[in-house]
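Below, all heavy atoms of this structure are taken into account, side chains as well, without hydrogens, waters or symmetry copies. Positions are given from 1 along the sequence.
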Amino acid sequence: MSRFPEIIDNIILRNPDDVYGRIYVVSAYGGITNELLEHKKTGQPGIYQLFREQQNYPRKMLDLRDRLFQLNEALVPAGLDLDEANDFIGDHIDLAINVLRSMDNVLASGYVSHKALLLAARELLASLGEMHSAFNSANILQNRGYDATFVDLSGWEDSRQLTIDERIRDSFEHIDPFSTICFATGYTKGTEGIMREFDRGYSEVTFSKVAVLMGASEAVIHKEYHLCSGDPVLIGENRSHPVCNTNFDVADQLADVGMEAIHPKASKPLEIHNIPIRIKNAFDPGHSGTLITKDFIAPQSMVEIVTGSDKVVCLEIHDTRMVGEVGFDLRILQVLAAHQVSYISKATNANTIGMILNERDCTPELVADLEERFEHISTRPVAIVCAIGSNIGQPGILAKAAGALAKNGINILSVSQTARQTNMQFVVERKNFAQAQIALHATLCMPQNPEFPART
């Protein structure tokens, strides 16, 4: 969104004779949601944390307003009406400060649940970023002579108690997407609270629900890069290549290790309603991108993507009472569930169960809880590297992968693969994370289709 003038040329007006019949669900401009909530990668606190700790959040809000004014000014050459845009976001910043001050007073009274009110404040702040970018997008296209509509799903000035689905239906009830270009906010206000379950993934939930409720023929996600066979920075631009076709199962496997094409809970409704997802590089508009469908199986057995994470921990439970005891691992899972922790991979033998967890989830509290119940608990920082595809089942592929790692001096700490054969997972020392991906990609990956050249 921060390169919106290019988005206009590459996507919205790429074919001037075919600009309608599309609904754009937009995110905030780059870095704005980080300032409103917290930095998604580093966790650096934003305005929400200042509010939560009752610090000087109004000053920070006004600083953010000034930055948004600067963003607006930079979009004037693209067609933005600066006065209208500044008035819109300025008024909403002022209103947000007043609402947060009222919440502050209620919190200080001690008569209400802090959790519920803090979640409401978080949603209020999050919605500002998408309101700003969606309003600007519609304004720019209107000033260029096109019929464009700002579809505000934030519910700021609507006190009705609507669910998310009801608000989307209500907002689009009198809009014909085939006669106007729709720009909808990525945030949707609903009685169930869109951030309660999805937090920063809320824009993908809105995107998915709009596609399903409006009966879209295809759901297109525009990113800054292609969905590639491997990380181009790591593997090399001339060695990695865009994935042309895959299925929802592969998308779920990617999400499980943090390489989300789309949040799995947002993709599931699209899968159920048989709406394909297309991942496109917004800055390579001539490429058709990656088509994710329900039934695709690669006609030739192959690994489509090598990926993984070095932000994981191996949690190992060793207990001599485990052997032959029915339901022993259930007791472990109950502890994980109590801490709201999900594992990525699991390996087991007679008296040891090893689980790969996201590093952020392996808390001292979780480990202490397990130590109270089982004989020996150990943790170690590791990396997990995955070879994923819709059809990777072939004789010798596991040996080939293991051989590639061995040839590069990489020891496999653990390996996992189900009979469905869509994902081979190798746990290695964290220091070997990059080299393991390079080795597996060089050995296992090949372009899906010769008509799509190897480019990024």
Side-chain angles (χ1 to χ4, degrees), residues 227 229-230 243 245-262 264-265 267-268 271-272 274 277 290 292-309 312 314-317 322-333 336-337 341-358 382-406 410-428 436-437 439-441 443-446 448:
L227 180 61
S229 59
V243 176
N245 298 88
T246 193
N247 62 32
F248 283 94
D249 191 357
V250 168
D252 288 344
Q253 304 301 323
L254 294 174
D256 202 36
V257 290
M259 186 184 171
E260 285 188 7
I262 182 172
K265 290 187 179 180
S267 69
K268 205 53 59 181
E271 181 180 358
I272 291 170
N274 207 22
I277 300 173
T290 303
I292 302 173
T293 56
K294 191 173 183 178
D295 302 319
F296 175 81
I297 300 292
Q300 178 184 0
S301 178
M302 61 187 295
V303 169
E304 294 164 19
I305 300 171
V306 169
T307 186
S309 173
V312 295
C314 179
L315 172 69
E316 198 165 78
I317 300 96
M322 186 184 304
V323 59
E325 183 176 335
V326 175
F328 193 93
D329 55 347
L330 174 61
R331 291 162 52 194
I332 300 172
L333 295 179
L336 266 62
V341 171
S342 174
Y343 65 85
I344 297 170
S345 178
K346 183 171 94 169
T348 182
N349 62 26
N351 52 26
T352 304
I353 293 177
M355 296 180 175
I356 304 302
L357 310 180
N358 284 313
V382 294
I384 185 168
V385 181
C386 306
I388 300 170
S390 58
N391 177 14
I392 65 173
Q394 55 179 280
I397 189 169
L398 184 58
K400 188 186 296 185
L405 295 175
I410 299 170
N411 181 41
I412 300 171
L413 302 176
S414 176
V415 63
S416 176
Q417 176 179 277
T418 68
R420 188 174 175 84
Q421 293 186 286
T422 55
N423 187 357
M424 289 187 294
Q425 300 178 320
F426 300 93
V427 179
V428 299
Q437 289 179 81
L440 289 178
H441 189 278
T443 302
L444 303 177
C445 287
M446 64 184 74
Q448 276 188 325

inquiry  = Is any side-chain heavy atom of Thr422 closer than 4.5 Å to one of Ile392?
reply    = no
Worked check of side chain to side chain contact (heavy atoms under 4.5 Å, CB included) between Phe328 and Val323 = CA-CA 9 Å; Phe328 193 93; Val323 59; over 6 Å; no
task = Tell me, with the steps shown, if Leu405 and Leu440 meet side chain to side chain contact (heavy atoms under 4.5 Å, CB included).
result = CA-CA 7 Å; Leu405 295 175; Leu440 289 178; 4.0 Å; yes
request  = Could you tell me the separation between the CD atom of Gln417 and the SG atom of Cys386, rounded to the nearest 0.5 Å?
outcome  = 11.5 Å
inquiry  = A quick test of your reading: do over 12 heavy atoms of other residues, nucleotides or ligands sit less than 6.0 Å from NZ of Lys294?
reply    = yes
query = Which heavy atom in Phe248 sits nearest to a heavy atom in Ile292, and how many Å separate them?
reply = N-CG2, 3.7 Å
query = Side chains of Leu333 and Tyr343: does their closest heavy-atom pair fall under 4.5 Å?
reply = yes
ask   = So Glu304 and Ser390, side-chain hydrogen bond (donor to acceptor under 3.5 Å, both in side chains) or not? Walk me through it.
value = CA-CA 8 Å; Glu304 294 164 19; Ser390 58; 2.5 Å; yes
query = Is Thr307 close to Leu254 at the side-chain level, that is, under 4.5 Å between some pair of heavy atoms?
reply = yes
Nearest non-hydrogen partners of Asp252 and Ser267, listed with the distance = OD1-OG, 3.9 Å
ask   = Does some side-chain heavy atom of Leu315 sit less than 4.5 Å from a side-chain heavy atom of Ile317?
value = yes
ask   = What distance separates Thr443 OG1 from Ile397 CD1, expressed to the nearest 0.5 Å?
value = 10.5 Å
query = Any donor and acceptor pair, going by atom type alone, linking the side chain of Thr290 with main-chain N or O of Val243 inside 3.5 Å?
reply = yes
ask   = Side-chain contact, heavy-atom cut-off 4.5 Å: Glu316 with Ile353?
value = no
query = If we only count heavy atoms from C-beta on, is the Val306 to Ile388 side-chain gap below 4.5 Å?
reply = no
Nearest-0.5 Å distance that lies between atom CD1 in Ile384 and atom OG in Ser414 = 8.0 Å
inquiry  = Any heavy-atom pair between the side chains of Leu357 and Leu336 that's under 4.5 Å?
reply    = yes
key: Minimum heavy-atom distance Gln425-Ser345, with the two atoms named   = OE1-OG, 3.2 Å
query = What is the distance from atom CG of Asp256 to atom CG of Asn423, rounded to the nearest 0.5 Å?
reply = 8.0 Å
key: Asn245 vs Thr293 side-chain heavy atoms within contact, under 4.5 Å   = no
key: Gap separating the OG1 atom of Thr418 from the CD atom of Gln253, nearest 0.5 angstrom   = 7.5 Å
task = Report the C-alpha separation of Val382 and Leu413 in whole Å, then their side-chain angles, then the decisive distance to 0.1 Å, and conclude whether the side chain to side chain contact (heavy atoms under 4.5 Å, CB included) test is met.
result = CA-CA 9 Å; Val382 294; Leu413 302 176; 3.8 Å; yes
key: Closest non-hydrogen atom pair between Ile410 and Val428, with its separation   = CG2-CG1, 3.7 Å
Met424 side, atom CE; Ser416 side, atom OG - distance, nearest 0.5 Å = 11.5 Å
message = Using side chain to side chain contact (heavy atoms under 4.5 Å, CB included), reason through Gln421 and Gln394 one step at a time and then give a plain yes or no.
response = CA-CA 9 Å; Gln421 293 186 286; Gln394 55 179 280; over 6 Å; no
key: Name of the residue among Asn391, Ile297, Asp295 meeting side chain to side chain contact (heavy atoms under 4.5 Å, CB included) with Asn247   = Ile297
